[in-house]
Amino acid sequence: MKIQLISMNSKTDRHSNPVLGWVAGACMMSGSFTSAAYAADIVNGGQLYQTYCQSCHGAQGKPFMPGAPDFTRGDGLMQADTALLVTIREGKNAMPSFRGILKDNQILDLIGHLRTFY
Ligand code: HEC
């Protein structure tokens, strides 16, 4: 199921081998978390995005809010998942903190979804 979704995502053409990228991402994450390897669930991430993020960031990643990054241009996404996780959890300037609202694994699902915009 997940691999099917990722290959849908290869329509962006930018990632020459999305499946390998997914495997590498999953391996990297298993190194940084003590629990079993965690693969982001981008469908769940998409639902969370609609609820918590799209009011500012736009349904397709083009922001409504002045000053918010344009995810379709990759703004703000050129960093490791672990760095993005901290920013989304703690907030940044006009971007609110989601500490206590979203769990880390939900934020990782969201990050998986954000990466589909670019
Ligand atoms: C109230 C509006 C608002 C909401 C809601 C919001 N953001 Fe943001 N977000 C911003 C703004 C504004 C920035 C730019 C912050 C800056 O760089 O000063 C930003 C920046 C970001 C960045 C780039 C961070 C970086 O290091 O440059 C990411 C990733 C992000 N938001 C993800 C999310 C996610 C995921 C959600 C939902 C859980 C979310 N945002 C909800 C307004 C919002």
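Only a predicted model underlies this, so the values are computations on that prediction, with no experimental measurement involved. Counting convention: from 1, in listed order, for ligands and their atoms alike. Numbering of residues begins at 1 and proceeds along the displayed sequence. Only this structure's heavy atoms are used, side chains among them; waters, hydrogens and symmetry mates stay out.
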How far is [atom] from its nearest protein heavy atom, and which residue and atom name does that atom have?
| atom | answer |
| --- | --- |
| atom 27 (O) of ligand 1 | K92 NZ, 3.1 Å |
| atom 2 (C) of ligand 1 | C56 SG, 1.9 Å |
| atom 36 (C) of ligand 1 | C53 SG, 2.8 Å |
| atom 24 (C) of ligand 1 | T87 CG2, 3.8 Å |
| atom 28 (C) of ligand 1 | F71 CZ, 3.7 Å |
| atom 5 (C) of ligand 1 | Y52 O, 3.4 Å |
| atom 13 (C) of ligand 1 | P69 CD, 3.6 Å |

Any atoms of ligand 1 less than 4.0 Å from a non-hydrogen atom of [X]? List them with their elements.
| X | value |
| --- | --- |
| L102 | 38 (C) |
| N93 | 16 (C), 18 (O) |
| L110 | 38 (C) |
| P96 | 1 (C), 3 (C), 4 (C), 43 (C) |
| F98 | 37 (C), 38 (C), 39 (C), 41 (C) |
| M65 | 2 (C), 12 (C), 42 (C) |
| G67 | 14 (C) |
| L114 | 29 (C) |

[atom1] of [X] to [atom2] of [Y]: how many Å apart, nearest 0.5 Å?
| X | Y | atom1 | atom2 | answer |
| --- | --- | --- | --- | --- |
| L85 | E90 | CG | CD | 9.0 Å |
| I107 | T82 | CD1 | OG1 | 12.5 Å |
| D70 | Y118 | CG | OH | 10.5 Å |
| D109 | N105 | CG | CG | 6.0 Å |
| T51 | I101 | OG1 | CD1 | 12.0 Å |
| I42 | L110 | CD1 | CG | 11.5 Å |

Taking heavy atoms and a distance under 4.0 Å, where does [X] meet ligand 1: side chain, backbone, both or neither?
| X | answer |
| --- | --- |
| L84 | side chain |
| Y49 | neither |
| I107 | neither |

In one Ile/Leu/Val/Met/Phe/Trp/Tyr side-chain cluster, 4.5 Å: V86, L108: no

4.5 Å side-chain heavy-atom contact, F71 and H113: no

A68 to P63 - nearest heavy-atom pair and separation: O-CG, 3.4 Å

Taking every non-hydrogen atom, the tightest pair across R115 and L84: NH2-CD1, 3.4 Å

Within 6.0 Å of CD in Q79, more than 12 heavy atoms from elsewhere: yes

Proximity flag Q79 to ligand 1, non-hydrogen atoms under 4.0 Å: yes

Close N or O approach (S55, ligand 1; < 3.5 Å): no

Winner among M95, R115, Q54 once heavy atoms are compared against atom 32 (C) of ligand 1: M95

H57 near atom 8 (Fe) of ligand 1: N/O/S under 2.8 Å: yes

Whether Y49 and H57 hold their rings parallel, tilted or perpendicular, with breakpoints at 30° and 60°: tilted

